[in-house]
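Remember, it's a predicted structure, so these values are computed and weren't measured experimentally. Convention: sequence-line order gives letters A, B, ...; per-chain numbering from 1.
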Number of protein chains: 2
Amino acid sequence: MSLRYALLALLRVGPLSGYELQKQFSMSVGHVWHAPDSQIYPELRKMEAENLIEGEEQPRGQRATRRVYHVTEAGDRAFLEWMQTPLEYARVRDPAHLRAAYLEAASPETARAFFRRHTEQWEAELAQWEGELHRIAQVDNPMLVRRLAVTDPADRERTIAFKRFTYEGLVDRAHAEIAWARRGLELIDSLESEGGAGPVPNGPEPSAARA
Amino acid sequence: MSLRYALLALLRVGPLSGYELQKQFSMSVGHVWHAPDSQIYPELRKMEAENLIEGEEQPRGQRATRRVYHVTEAGDRAFLEWMQTPLEYARVRDPAHLRAAYLEAASPETARAFFRRHTEQWEAELAQWEGELHRIAQVDNPMLVRRLAVTDPADRERTIAFKRFTYEGLVDRAHAEIAWARRGLELIDSLESEGGAGPVPNGPEPSAARA
DNA sequence: AATTGCATGTAACAGGTTACATGATTGC
DNA sequence: GCAATCATGTAACCTGTTACATGCAATT
């Protein structure tokens with residue numbers, strides 16, 4: 001259900017074609033809610049069928065057309081209503097922590113590879129999110145600029161503040177995941193160096209800098 | 001795909017019926033990978049069809065039976081192979097951060113309700129994970145006890161260490177989410193008190209204790 | 001003329017959710 | 001006799017993924 005609200009959020013700024021929307025999507029809200037074009041086009045059709053948006057065929061060249069969508073009043077209302085409904089949280093389903101819980105079944109090298117991959121993954125996300133944070137600070141994201149242009153001056157600060165705050169949270173999360181992976185590598189080292197020297201059941205963390 | 005490996009992880013400790021498995025699941029690996037029983041039973045059948053596990057009908061009372069599953073050699077191999085394959089990371093899809101990014105479209109009170117709900121949600125998760133961490137430290141989780149009983153003494157320390165490490169990561173995450181929500185509430189306060197006093201484009205965080 | 005970008009989808013499948021459905025056994 | 005819990009599923013639906021499929025337009 002979130003996809004349609006992500007789409008409405010973009011369309012509320014102004015009309016866009018499916019293609020434009022899909023491009024804007026990947027450069028803005030796609031950083032928190034990924035969706036491929038094969039999902040976006042059908043969803044737009046469904047939203048149109050439900051009168052949340054309206055599409056207008058526009059000629060393009062001689063033969064081709066494109067469909068430009070704009071939000072209807074019902075769509076605007078639906079978005080605002082969604083903002084007011086309590087968010088539904090998905091049940092935990094975390095493949096990385098699932099695997100981490102059973103790393104004793106892997107060799108130290110395999111376990112290290114896992115944590116290196118985890119670091120790599122989250123560093124890539126971090127780069128995306130930090131980039132976005134930077135573009136927000138510089139007011140240098142095309143979608144954000146368009147949004148501010150149609151926003152009451154009194155609300156511009158809030159608009160920017162919530163975007164920044166969102167990406168700060170994501171950046172923090174990425175840092176936390178990377179730190180966890182680093183501690184994981186340290187844990188493997190310490191388990192290896194201890195070797196068969198007997199268990200240390202409830203000893204302190206090897207070198208994990210946790211409060 | 002993760003579900004079957006979560007199930008294999010439990011069954012590798014020893015045979016269990018679907019019902020027992022489902023109970024054990026919710027008390028152990030279910031804390032990182034939720035699955036309802038309506039998903040577990042069919043998955044067990046599928047795994048049996050693929051020879052990863054074998055089920056034995058056991059009589060129970062006069063008429064009833066129960067099906068006790070144990071891991072086959074192929075199942076054991078499949079689990080170990082999975083442990084060695086690089087984890088596939090799902091694309092970002094975060095409803096809370098999606099909504100946070102557009103909170104300027106909500107009233108301050110609605111925005112506060114969102115962050116209070118977020119706090120509540122993660123405090124519930126935190127309680128679960130801290131409880132689990134405590135049970136790991138006390139070696140007081142039935143599944144863990146059974147696991148250690150069939151684990152080479154030399155590997156017991158690692159087994160415990162990785163479980164503890166996993167839940168520590170989750171506890172950290174919960175703390176981070178709660179801290180983010182608290183900063184969100186502070187942000188709303190500061191935006192309200194500033195009122196129409198003009199934007200503070202790139203000013204420091206209101207009172208966010210971030211590095 | 002060829003490449004890149006614009007533009008829009010369909011189809012098959014995997015995975016997960018919710019609701020529904022049924023009945024036996026054991027302990028009180 | 002009744003409740004709890006043991007025990008096992010099916011069906012419909014939703015969301016998302018991957019692969020496939022097509023063709024025009026603008027630029028070089």
Using the test side chain to side chain donor-acceptor pair (under 3.5 Å), find all partners of A:T110 that sit at least two apart in sequence or belong to another chain. A:S107
Strictly below 4.0 Å, N to O, side chains only: are B:R156 and A:E104 in salt-bridge contact? no
Short N-O contact, A:R116 and A:E109, less than 4.0 angstrom: yes
Compute the ring centroids of A:H118 and B:Y89, then answer whether they are less than 6.0 Å apart. yes
Just jot down the side chain to side chain donor-acceptor pair (under 3.5 Å) partners of B:Q58, sequence neighbours excluded, or say none. none
Under 3.5 Å, sequence neighbours excluded: what are the donor-acceptor pairs made by side chains of residues 72-86 of chain A?
{"unit_1": "A:T72", "atom_1": "OG1", "unit_2": "A:N51", "atom_2": "O", "d": "2.6"}
{"unit_1": "A:T72", "atom_1": "OG1", "unit_2": "A:L52", "atom_2": "O", "d": "3.0"}
{"unit_1": "A:T72", "atom_1": "OG1", "unit_2": "A:A74", "atom_2": "N", "d": "3.4"}
{"unit_1": "A:T72", "atom_1": "OG1", "unit_2": "A:G75", "atom_2": "N", "d": "3.0"}
{"unit_1": "A:E73", "atom_1": "OE2", "unit_2": "A:R77", "atom_2": "NE", "d": "3.3"}
{"unit_1": "A:D76", "atom_1": "OD1", "unit_2": "A:R12", "atom_2": "NH1", "d": "2.6"}
{"unit_1": "A:T85", "atom_1": "OG1", "unit_2": "A:W82", "atom_2": "O", "d": "2.9"}

Quick one: side chain to side chain donor-acceptor pair (under 3.5 Å) partners of A:S38, sequence neighbours excluded? none
Are B:R67 and D:dT8 close enough that a side-chain N or O sits under 4.0 Å from OP1 or OP2? no
Reading nucleotides 13-20 of chain D 5' to 3', which nucleotides get B (base under 4.0 Å from a protein heavy atom), which S (sugar-phosphate only), which -? --SSSBB-
Just the rounded figure in Å: distance from P of C:dT8 to CD of A:E48. 12 Å
Does A:E177 come within less than 4.0 Å of B:R173, counting only side-chain N to carboxylate O? yes
Stem ranges of DNA chain C by first residue number, counting only runs of at least 3 Watson-Crick or G-U pairs under 3.5 Å, come to C:1-28 with D:1-28
Does C:dG9 have OP1 or OP2 under 4.0 Å away from a side-chain N or O of A:Y41? no
Sequence neighbours excluded, which residues qualify as ring pair (Phe, Tyr, Trp, His ring centres under 6.0 Å) partners of A:F165? B:F115, B:W180
How would you summarise protein contacts on nucleotides 21-28 of chain D per nucleotide, using B for base, S for sugar-phosphate only and - for none, with heavy-atom distances below 4.0 Å? ---SS---
Can you name the residues that form a side chain to side chain donor-acceptor pair (under 3.5 Å) with B:R147, not counting sequence neighbours? none
May I have the distance from A:Y89 (atom OH) to C:dT17 (atom P), rounded to whole angstrom? 17 Å
The complete set of salt bridge (Lys or Arg N to Asp or Glu O under 4.0 Å) pairs with one or both residues in residues 17-30 of chain B, sequence neighbours excluded, reads B:E20-B:R66
Kindly state which residues belonging to residues 8-31 of chain B come within less than 4.0 angstrom of DNA chain C, counting heavy atoms of the residue only, listed by number. none
Qualifying salt bridge (Lys or Arg N to Asp or Glu O under 4.0 Å) pairs, either residue in residues 40-51 of chain A, two or more places apart: A:R4-A:E43, A:R4-A:E50, A:E43-A:K46, A:E48-A:R67
Are the charged groups of B:R182 and B:E186 less than 4.0 angstrom apart, N to O? yes
